[in-house]
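Every number for a ligand or one of its atoms is a count from 1 in the order of the listing. Here, residue 1 is the first one in the sequence, and each next residue gets the next number. Only a predicted model underlies this, so the values are computations on that prediction, with no experimental measurement involved.
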Amino acid sequence: MTDLSRNAFLKSIIKDIPVSALYSWNGKLIHSFEMSYDWTGYESQFQEIVFKASGSLSPFYGHIKNDRGGSAMIHVVPLVLNKMSGSYVLISLFPLLSIEDYSHDAQLLDVAVEMIDEAVVITDATNKIIRVNGAFQKLTGYSMHELQDKTPSFLSSGVTSAKTYQEMWLRLLSDGQWSGEVWDRRKDGDTYPKWLSITAIKNNEGVIVNYIGVFTDISKEKETEKIIDTMAYYDALTQLPNRHYINEQLTLMVSSAELSHQKSALLLVDMDRFKLINDSLGHTAGDRLIMQVAQRIHSTVRKNDIVARLGGDEFLVVLPVVESVSDTIEVAEKILEALALPCLIDETQLYTSASIGISFFPSDGETVDAVIQHAEQAMYAAKKKGGKCYELFNPLLNETTMRRMMIENDLQRAIANGEFNLVFQPQVDPMNGKILGVEALIRWNHPEKGFISPVEFIPIAEETGFILELGVWVMREAMGTLKRWLDAGFEPIRMAINVSARQFAHPDFVGVVKQTIQACQVPAHLIELEVTESAVMEEPHRAIQICEELQQHGIEFAIDDFGTGYSSLAYLKLFPVKRLKIDKTFIDDIGKDSQSSTLAEVIIILGNSLKLEVVAEGVENLEQLAFLRERGCDLIQGFYYSAPKDEETIVSYFINGPFETINSSYCNLQTDQEK
Ligand code: C2E
Ligand code: CA
Ligand code: CA
């Protein structure tokens, strides 16, 4: 074996072992490797060591001293290879720290521990503090001197639960490590949260000899967390807990109510006619009023009671422990009293009031939803009495009353929530099937109750005055849609919009209509307003004036549900209306009841004589259509052609062209039979 191949072979064996020198079996130095360590004074002892190794055939470790007082670690490995390759001894020498070296190292660690930003505390096996660093002293305010013989529990604030500490010790004993959040108290008395990591240090026998705790103050992080929490759980305007918060609290309370044998009460406080204030004085004034009301409610209840704002003008007061119903009533009365005092808003004295609904749990419900709903029902009942009073939940409260109250209440939010939409029903020329106009009809898709018919909610909106706001929304939507159709290049058609009596009676009705037309940039002559007979007959003189004024701008009028009211024909002549809409009830009876058919016929004749166009509404079948067409009815609206449809479907009608017209033989057949 050449030197070269032997060296390569040895290298392959040695690989990454930090070998210092290679000796042959008989103590001859074959190769010494380059090292950072000075081995003068050790070298002379190697031969003896090689003999020892080759004699014992087993590797060994040990200390070796040189003649200058230095000391090193030696690692000796005998290598017995085959005859060809021979046998060797590898010697590795490692530096060993001197006493000075050790103390230098400790000093370095010391400096490092002092320099870091984390507070460090080292305790002995009995958890007595033996060392803290500068960051620790800065954070806690205590010096090492003051902590002598104390355990870290000296720092605790009593905020952290016993359970947390228990878990901490269990983990330290089992895994030797724990980290978590702990609340401590500083020397100045402040409590603060810290993130603490503890490691148990064990000796060679596995016995814990020290604990090292490292921690940082996390007050800032906590504060940020709290701000985020506050945003999620508190109402920005009043700083009161919000719906989210109260739901969580109530969930806990309701679930434990059964066990704790305690009675709790819910008071749902809803302001009376708040919308009116908001509408007339503006939202800023409304907000200020809400703030004052929140404050007043808050100041009337006890410390342990919770006041939350559910949204809008609705507050919820939770009395976690009540002795009796009369105690609760007393609270309700106090709140009503506090709210009866005038509020000063922008130097205006405002008188407000509220309606309060009361429910108890667990007696009135076992879930949060149920108790809130029951308080709500009681609140509706209080409103029904005219407001400014409280009402207790009563399971016998009439369901129709409840539904009405629900609608009344939920309407207020429905526009903002985008729960309304419009559908359009074509008005068709029976002679050629062409769509000459559409009637806009509102739809309400309630998030919980589903579709609610306008027949149900329009009268309620009328009564509460909400129809004014809703009417404006309908006008904007309808005109906006018409504008899109015109912009898209479809043939201009009329948009008929329903106007309720209350809208029509509003002093600024004309202004609102004109403004909306202007804002939507639609030609006024394409807008038709449908008013009922009763709406115009309430104050006929004024109605005539309104119609005339709007008509001057090109807007047309139709009398809706004609035949159901008691129109005075004398007045009718004075009205500048363009059309009469025959009510569906007359159309329904075509073919069934000869008298009604005559009524429909009479209306057509009457309309013609007054030079008014006649629209038949609710035309469902061919028979009705034939009858009406024969008698010269100008426009047909009803399921026969199309039910009210969304914008997209109406557009598809435009694209597909006119509806089919009935063949004249059917008409002839009908008229022949009648003859
Ligand atoms: P209306 O003004 O008399 O509207 C006609 C009603 O008859 C619509 O009911 C329509 O869907 C329905 N209809 C049309 N053709 C037929 C048919 O062939 N067969 C049957 N069975 N019904 C037909 P809808 O949409 O439920 O509206 C009911 C009422 O609610 C309306 O009666 C109107 O008084 C009121 N309304 C609807 N939308 C509005 C609105 O935007 N504003 C106001 N103030 N009232 C509205
Ligand atoms: Ca109508
Ligand atoms: Ca009608």
Counting heavy atoms only, which part of I458 comes closer than 4.0 Å to ligand 1: side chain, backbone, both or neither?
side chain

Show, in sequence, the C-alpha distance, side-chain angles and deciding distance for Y653 and F659, and conclude whether the ring-ring contact (aromatic ring centres under 6.0 Å, His included) test is met.
CA-CA 8 Å; Y653 291 158; F659 289 109; 5.2 Å; yes

As a check for students: among F639, F420, F457, identify the option with a heavy atom nearest to atom 16 (C) of ligand 1.
F639

At less than 4.0 angstrom from any non-hydrogen atom of K584, what atoms of ligand 1 do you find?
17 (C), 19 (N), 20 (C), 21 (N), 22 (N)

Indicate yes or no: does R404 engage E456 in a salt bridge with an N to O separation below 4.0 Å.
no

Proximal atoms of ligand 1 relative to E439 (non-hydrogen, under 4.0 Å)
2 (O), 4 (O)

Under 4.0 Å from a heavy atom of E620: which atoms of ligand 1 are those, numbered in the order shown and with their elements?
17 (C), 18 (O), 19 (N), 20 (C), 21 (N)

Hey, what's the angle at the Ca ion (ligand 2) spanning OD1 (N498) and OE1 (E530), nearest 10 degrees?
90°

Can you list the ligand 1 atoms lying under 4.0 Å from a non-hydrogen atom of V474?
41 (O)

Sort out for me which residue in F361, Y380, F393 forms a ring pair (Phe, Tyr, Trp, His ring centres under 6.0 Å) with H374.
F393

Please check if the side chain of H553 supplies one atom and the backbone of E549 the other of a donor-acceptor pair under 3.5 Å.
yes

Between W444 and F420, is the gap from one ring center to the other below 6.0 Å?
yes

Give the contacting part of E617 toward ligand 1: side chain, backbone, both or neither, where contact means a heavy-atom distance below 4.0 Å.
side chain

Within 45° cone and under 6.0 Å: R631 NZ/CZ vs F627 ring
yes

Evaluate the ring planes of Y245 and Y233, with Trp represented by its six-membered ring, and classify them as parallel (under 30°), tilted (30 to 60°) or perpendicular (over 60°).
perpendicular

Decide ring-ring contact (aromatic ring centres under 6.0 Å, His included) for F424 and W485; before the verdict, give the C-alpha distance in whole Å, the side-chain angles of both, and the deciding distance to 0.1 Å.
CA-CA 13 Å; F424 307 90; W485 292 341; 5.4 Å; yes

Does a side-chain N-to-carboxylate-O contact under 4.0 Å join R243 and E314?
yes

Whether R443 lies under 4.0 Å from ligand 1, heavy atom:
yes

Calculate the angle formed at the Ca ion (ligand 2) by OD2 in D560 and OE2 in E439; 10° precision is enough.
170°

P644: numbered ligand 1 atoms lying under 4.0 Å from its heavy atoms
11 (O)

Note: ligand 1 atoms sitting under 4.0 Å from heavy atoms of V455 are 28 (C)

Select the closest option to atom 45 (N) of ligand 1 among I497, N498, I587, judged by heavy-atom distance.
N498

I need the atoms of ligand 1 closer than 4.0 Å to a non-hydrogen atom of S500, numbered in the order shown.
44 (N)

Heavy atoms only: which of A478, A616, P454, G638 is nearest to atom 27 (O) of ligand 1?
P454

Ligand 1 to D561, heavy atom cutoff 4.0 Å, flagged ligand atoms 3 (O)

Would you say Q425 has any N or O atom under 3.5 Å from an N or O of ligand 1, going by distance alone?
yes

Whether K581 and E439 form a salt bridge (side-chain N of Lys/Arg under 4.0 Å from carboxylate O of Asp/Glu) is what I want to check.
yes

Can you name the one residue among Q427, E530, E528 that meets side-chain hydrogen bond (donor to acceptor under 3.5 Å, both in side chains) with R579?
E528

